[in-house]
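Written below as structure tokens is the structure these notes are about.
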Amino acid sequence: MSQRKPIEEQIAILMQGVELGDEKLKEAMQAELKEKLIQSAKTGEPIRVYCGYDPTSPDLHLGHTVTMRKLKQFQDLGHQAIFVIGTFTALVGDPSDKDKARPRLSHDQVMENAKTYTDQAFKILDNEKTEVRYNHEWLSDLSMEQIIEMASLFTVQQFLVRDNFSKRFEKGDPIWLHEFFYGVLQGYDATMLKADVQLGGTEQLFNLLAGRKLQEAMGLRPQVALTTPVLVGTDGHMRMAKSTGNYIGIDETPEEMYGKVMSLPDSAMMNYFRLVTRFSPDEIAEIELGLGESKLHPRDVKMRLAREIVAIYQGDEAVEPAEAAFRRVFQEHEDPEEIPEYSISSAGTIVDVMVDSGLVSSRSEARRLIKQNGVRLDGDLLDDANMALDIKQPAILKVGKRRFLRLMPE
RNA sequence: GGGCGGUUACCCAAGUGGCCAAAGGGGGCUGACUGUAAAUCAGCUGGCGUUGCCUUCGGCGGUUCGAAUCCGUCACCGCCCA
């Protein structure tokens, strides 16, 4: 058995970045974590720490990685990381971060999405050391009797106090009965996994605490709940989520990833440095100071961030080409190296080509873009939407700043 | 089961007979500028054969010269009562 780091050092690492919204709660959780670590050191039994992810879409994005990286820290310290795929809870739909009920998914959709989750997760976690569990394994076997038993531990008021429910309640928007079960079911996960620690975003606190309650009711030691701050999406304000379309997927191409990071508002940069990079707190503090005193150029800092994020998920070797592509297209306004080709079948107008190739979704949009000086052919501005496109040699059609097509004569 | 209120474009939301392809906001797109796809400013954001025409305001059917707006009906949602 490997030698573990001293307890205090472990705590320093594990509590870093943890935000529980309430200092008292944080102190309590830290104290409980310490106890568990001491216990673990004595018995040699690793701490069991888990985080659940509902497979509501096929791809994981940077928002998911905040807790995954925390999970990895536990793993690196020799503890047992459990990656739970919410194959059952995804069917219910977590109301935590929603002002509305989530659309419910079918079991098949969920299983399909779950397939890609583990592959992507192992870009961060060590797959040899990770326990992967699917929560339908135990949740779908629950009896009505057990469900009622668990439900009797919670009051409707406790749910209604939650911000998202109270807002909807006041607005007269529907709050569905099944949404109340989400927290209860997630809490049951904790009991089945015999979890010592559960991780989640700050919006998950209620659900993590539900786990504690259920564990206690079943005579288990309650888990430590550790929550991490929310990662904002590419819009710079809203929480990163697939449904709002403001996400950076961890499986995206290096160019796409680099570009999306560069499109972040400056104000969101530090949030990213803290939550999704490998920089140390000291390095991050230095960057923040440099920006504050205008010693560092925000653009250069953001490029550093983009390089780091691409490096984590796509490897160091992907960084240079991605950055070169970005500089080329957006700083030097050159055409990218790789442009999809499209062969023009017959003589049509420029609008025909834009629509047929799928560059735009309607002829009106194509005309609009031309009118707004957004369309160029081999660098020349096009101003006549009805111009027939007659090409003898390959030519590059550019729409806006980032849509390119290499037109090939037939 | 009864009463009342609601359903508008990608999302939120105004509009209660013609001036409505429909205010405003969000999001998205384009341009200028630049430090990048940041910030700021400006424009665009149903479709098409684009000085005009066509299709939209939950569905269907009416009234009217004319309906997102009025009536009937069906569906769905919320609230109150049971």
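All values below were derived from every heavy atom in this structure, side-chain atoms included, with hydrogens, water molecules and symmetry-related copies excluded. Just so it is clear: chains get the letters A, B, ... in the order the sequence lines come, proteins before strands, and each one is counted from 1. All figures in this text were calculated on a predicted structure; none of them were measured in a lab.
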On a whole-Å scale, what distance lies between the [atom1] atoms belonging to [N] and [M]?
| N | M | atom1 | result |
| --- | --- | --- | --- |
| B:rG3 | B:rC54 | P | 42 Å |
| B:rA13 | B:rU73 | P | 28 Å |
| B:rC70 | B:rG25 | P | 27 Å |

>> So A:Ser362, base contact, sugar-phosphate only, or nothing? Heavy-atom distance under 4.0 Å.
In response: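 Sugar-phosphate, backbone atoms only, no base.
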
Side chain of [X] only, please: which of [options] is the nearest?
| X | options | value |
| --- | --- | --- |
| A:Pro298 | B:rU36, B:rG43, B:rG35 | B:rG35 |
| A:Arg367 | B:rU50, B:rA37, B:rU30 | B:rU50 |
| A:Arg402 | B:rA37, B:rG35, B:rU30 | B:rA37 |
| A:Gln372 | B:rG47, B:rU30, B:rU36 | B:rU30 |

>> Is it the case that the ring center of A:Phe159 lies less than 6.0 angstrom away from the ring center of A:Phe206?
In response: yes

>> Under a plain distance cut-off of 3.5 Å, with no hydrogens placed, do A:Asp54 and A:Thr89 share a side-chain donor-acceptor pair?
In response: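 Yes, side-chain donor-acceptor contact under 3.5 Å.
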
> Is there a donor-acceptor contact under 3.5 Å linking the side chains of A:Gln10 and A:His79?
Replying inline: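 A donor-acceptor contact under 3.5 Å links the two side chains.
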
Taking only side-chain N and O atoms of [X], does any of them lie within less than 4.0 angstrom of OP1 or OP2 on [N]?
| X | N | value |
| --- | --- | --- |
| A:Ser263 | B:rU36 | no |
| A:Arg299 | B:rG35 | no |
| A:Arg403 | B:rU30 | yes |
| A:Arg368 | B:rG47 | yes |
| A:Ser267 | B:rA39 | no |

>> Treating A:Arg328 as the side-chain partner and A:Asp335 as the backbone partner, does any N or O pair qualify as donor plus acceptor under 3.5 Å?
In response: yes

> Hey, is the main chain of A:Met238 close enough, under 3.5 Å, to the side chain of A:Asp235 for a donor-acceptor pair?
Replying inline: yes

> Hey, is the side chain of A:Asp235 pairing donor to acceptor with the base of B:rG27 inside 3.5 Å?
Replying inline: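 Per atom types, no contact qualifies.
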
> So, does the side chain of A:Ser364 form a donor-acceptor pair with the base of B:rU45 at under 3.5 Å?
Replying inline: no

>> Closest-nucleotide mapping onto RNA chain B: is A:Glu256 or A:Ser361 further toward the 5' terminus? I mean the 5' end.
In response: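 The residue mapped nearer the 5' terminus is A:Glu256.
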
